[in-house]
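The structure appears below as structure tokens.
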Amino acid sequence: MKKLAAALFVLANFSLAFCVQPPLWVDDLQSAYPNQKYIASLGTGNTVDNARSSAIGQIASFFSSKVLVNTSANSNMKSDGSSTSKSQQIDQSVQVVSDMTLTAVKYSSPYYDKKKKLYYVAAYIERQEGWQAIELKAARLKSQYSSAMALAKKAGDTVNKYKYLTRAKDAAKELLSTLYLGFALEPAQKKAYEPLVNEILQNYELETLSSYKIPTCVEASGDYDNMISSKVLEIVKRNGFEPGAKKAACDAVLKIQIDSNEQVDDELHTIAPAVSITLASKDGAKTYYAWQKSWGKTVNFSLEQAQKKAFPKIADEISSAVSADFAEKFLQE
């Protein structure tokens, strides 16, 4: 009798486990997570992790579409009283859904549908909580933007002005994307930030920064067929400098010194190249950027042949390494 009772108890619990009704959010997500308070999505997958990934992917897509709409709406403006069209160059290149925002995402307990063999998970963000995180980040970025603009106005030379304007533009790009993300969470906040958004979008100095040119004198020595020098010139040109200015007109001086350190032994020529790059003010009082490196030995039957063999590899390395180093050190100094 006891064995029968135990068997019936197990059977009853087994049956109940298969008759559990799905949570409300499986069939009616909006009722479980009202749109006025939440941004929510339903994800499915053959594992809990896959279901969560599906749900968070939908939330990310939601924010991405909202940011694209805002960016498109503000990307072109016409000046009042004329047909002049101003194309805004503030590129929304930062990640739309930041890690900070995704930390505000919460998940429901998973539900498993045995018939469909699928896991269901709801992902959701409480709008007000998400907005608070956005607001803190926006305040920090606004401070960075305003500070950089103030420094640009005070800059006594074109190089520092370009540097601070670039910082301001980087902060402005991230600030706009952050705000657009926030407006998707709390649309009512958009009106309060309209003056700031319009100020950035109508900032003529940032709009025309891509055409900013700093006249630069170039002093290069020791190269072979401009293999290395040409790569360095490409880097500085991408960062606002215009090489080739006459000495009387330049605001900066770029020095590229290439030493082959040649040694001759019988008919063999050995070089151990070293490159030094310096970007300084015209009077030499201020160094904006400096980089140097040495390489191992290359052997050939003439100096020119050794240079032709070694310099292309050095040029490629400089193109990659100096590009990243220049952006980090010059702009962030």
### Task
Specify the closest pair of heavy atoms between Thr208 and Ser211, including all atoms of both residues, with the distance to one decimal.
O-OG, 2.8 Å
### Query
Considering only heavy atoms from C-beta outward, does the side chain of Pro243 approach that of Lys237 to under 4.5 Å?
yes
### Summary
Note: Leu24 and Ser31 closest approach over all heavy atoms is CD2-CB, 4.0 Å
### Task
Could you go through the side chain to side chain donor-acceptor pair (under 3.5 Å) check for Ser319 and Glu234 one step at a time?
CA-CA 8 Å; Ser319 182; Glu234 288 175 5; 5.0 Å; no
Donor-acceptor pairs under 3.5 angstrom involving side-chain atoms of residues 35-46: please list them, not counting sequence neighbours.
{"from": "Asn35", "atom 1": "OD1", "to": "Arg127", "atom 2": "NH2", "distance (Å)": "3.1"}
{"from": "Ser41", "atom 1": "OG", "to": "Ala55", "atom 2": "O", "distance (Å)": "2.6"}
{"from": "Asn46", "atom 1": "OD1", "to": "Asn50", "atom 2": "ND2", "distance (Å)": "2.6"}

### Query
Counting distance only, does the side-chain N/O of Ser61 pair as donor-acceptor with the main-chain N or O of Gly57 below 3.5 Å?
yes
### Query
Would Phe301 and Val299 show up in the same hydrophobic cluster when neighbours are defined by side-chain heavy atoms closer than 4.5 Å?
yes
### Query
If only atom types and distance count, is the side chain of Asp225 paired as donor or acceptor with the main-chain N or O of Met227 below 3.5 Å?
no
### Query
Counting only N and O atoms by type, is there a donor-acceptor contact under 3.5 Å from the side chain of Asn198 to the main-chain atoms of Glu194?
yes
### Message
Heavy-atom count check: over 12 atoms from other residues, nucleotides or ligands less than 6.0 Å from Gln263 CD?
### Response
no
### Task
Flag the pair Tyr145 / Leu141 as yes when at least one side-chain heavy-atom distance between them is below 4.5 Å, and no otherwise.
no
Enumerate, atom names and distances included, each donor-acceptor pair closer than 3.5 Å involving a side-chain atom of residues 149-159, sequence neighbours excluded.
{"from": "Asp157", "atom 1": "OD1", "to": "Val159", "atom 2": "N", "distance (Å)": "3.1"}
{"from": "Asp157", "atom 1": "OD1", "to": "Asn160", "atom 2": "N", "distance (Å)": "2.8"}
{"from": "Asp157", "atom 1": "OD2", "to": "Asn160", "atom 2": "ND2", "distance (Å)": "3.0"}
{"from": "Thr158", "atom 1": "OG1", "to": "Asp251", "atom 2": "OD2", "distance (Å)": "3.0"}

### Query
Salt-bridged, Lys137 to Glu174, with N to O below 4.0 Å?
yes
### Query
Backbone N or O of Ala248 within a donor-acceptor pair of the Lys282 side chain at under 3.5 Å?
yes
### Task
Answer yes or no: is there a side-chain heavy-atom contact under 4.5 Å between Val236 and Thr216?
no
### Task
Locate the shortest heavy-atom distance separating Ala310 from Ile271; write the atom from each residue and the value.
CB-CD1, 4.1 Å
### Chi angles and distances behind the side-chain contact (heavy atoms from CB on, under 4.5 Å) call for Thr270, Asp265
CA-CA 8 Å; Thr270 301; Asp265 185 9; 6.0 Å; no
### Query
Any idea which heavy atoms bring Leu185 and Gly130 closest together, and the distance?
CD1-C, 3.6 Å
### Message
Please check this pair: side chain of Ser229 against backbone of Asn226, looking for a donor-acceptor N/O pair closer than 3.5 Å.
### Response
no
### Message
Using 0.5 Å steps for rounding, measure from the CG atom of Asp49 to the OH atom of Tyr119.
### Response
10.5 Å
### Message
If you define the side chain from C-beta out and look only at heavy atoms, does anything of Leu254 sit under 4.5 Å from Ile277?
### Response
yes
### Query
So, the side chain of Glu186 versus the backbone of Ala188: is there a donor-acceptor pair under 3.5 Å, distance only?
no
### Task
Look at the side chain of Asp113 and the backbone N and O of Lys115, then say whether any donor-acceptor pair between them is shorter than 3.5 Å.
yes
### Query
Under the side chain to side chain donor-acceptor pair (under 3.5 Å) criterion, do Gln257 and Asp259 qualify, and how do the steps go?
CA-CA 7 Å; Gln257 183 176 342; Asp259 294 317; 3.3 Å; yes
### Query
Within the distance-only criterion (no hydrogens, no angle test), does the side chain of Ser320 pair as donor or acceptor with the backbone N or O of Glu317 below 3.5 angstrom?
no
### Task
Heavy atoms only: give me the nearest Lys293-Trp291 pair and the separation to one decimal.
CB-CH2, 3.7 Å
### Task
Take Asp223 and Ile256, measure what side-chain contact (heavy atoms from CB on, under 4.5 Å) needs, and give me the verdict at the end.
CA-CA 9 Å; Asp223 204 354; Ile256 309 168; over 6 Å; no
### Query
Linking I/L/V/M/F/W/Y whenever any side-chain heavy atoms sit under 4.5 Å apart, do Tyr288 and Val253 land together?
no
### Message
I need the Ser146 OG to Leu196 CG distance, nearest 0.5 Å.
### Response
7.5 Å
### ring-ring contact (aromatic ring centres under 6.0 Å, His included) contacts touching residues 303-327 (sequence neighbours left out)
Tyr289-Phe326, Phe326-Phe330
### Query
Say you draw a straight line from OG1 of Thr298 to CD of Glu262; how long is it, rounded to the nearest 0.5 Å?
12.5 Å
### Message
I'd like to check Val232 versus Val218 (side-chain heavy atoms, cut-off strictly below 4.5 Å). Are they in contact?
### Response
no
### Query
Have Ser281 and Asp283 got a donor and an acceptor in their side chains that come within less than 3.5 Å?
yes
### Task
Using modelled atom types only, decide if a donor and an acceptor are shared between the side chain of Tyr162 and the backbone of Asn239 within a distance under 3.5 Å.
yes
#### Entry: Sub-4.5 Å side-chain heavy-atom contact between Ser108 and Trp25
yes
### Message
So, taking the atom named SG in Cys250 and the one named CD1 in Ile214, what distance separates them when rounded to the nearest 0.5 Å?
### Response
12.0 Å
### Summary
Smallest heavy-atom separation, Ser294 atom then Ala274 atom, equals OG-CB, 3.6 Å
### Task
Measure up the Phe183 and Tyr193 rings against each other and bin them: parallel (under 30°), tilted (30 to 60°), perpendicular (over 60°).
tilted
### Message
Return the NE2 to CD distance between His269 and Glu267, rounded to the nearest 0.5 Å.
### Response
8.5 Å
### Side-chain heavy-atom pair Tyr112, Lys117 within 4.5 angstrom cut-off
yes
### Message
Is any side-chain heavy atom of Lys161 closer than 4.5 Å to one of Glu205?
### Response
yes
### Query
Does the distance from a Lys or Arg side-chain N to an Asp or Glu carboxylate O, for Lys173 and Asp170, drop under 4.0 Å?
yes
### Message
Rounded to the nearest 0.5 Å, what separates atom CD in Glu199 from atom CG in Asn203?
### Response
7.0 Å
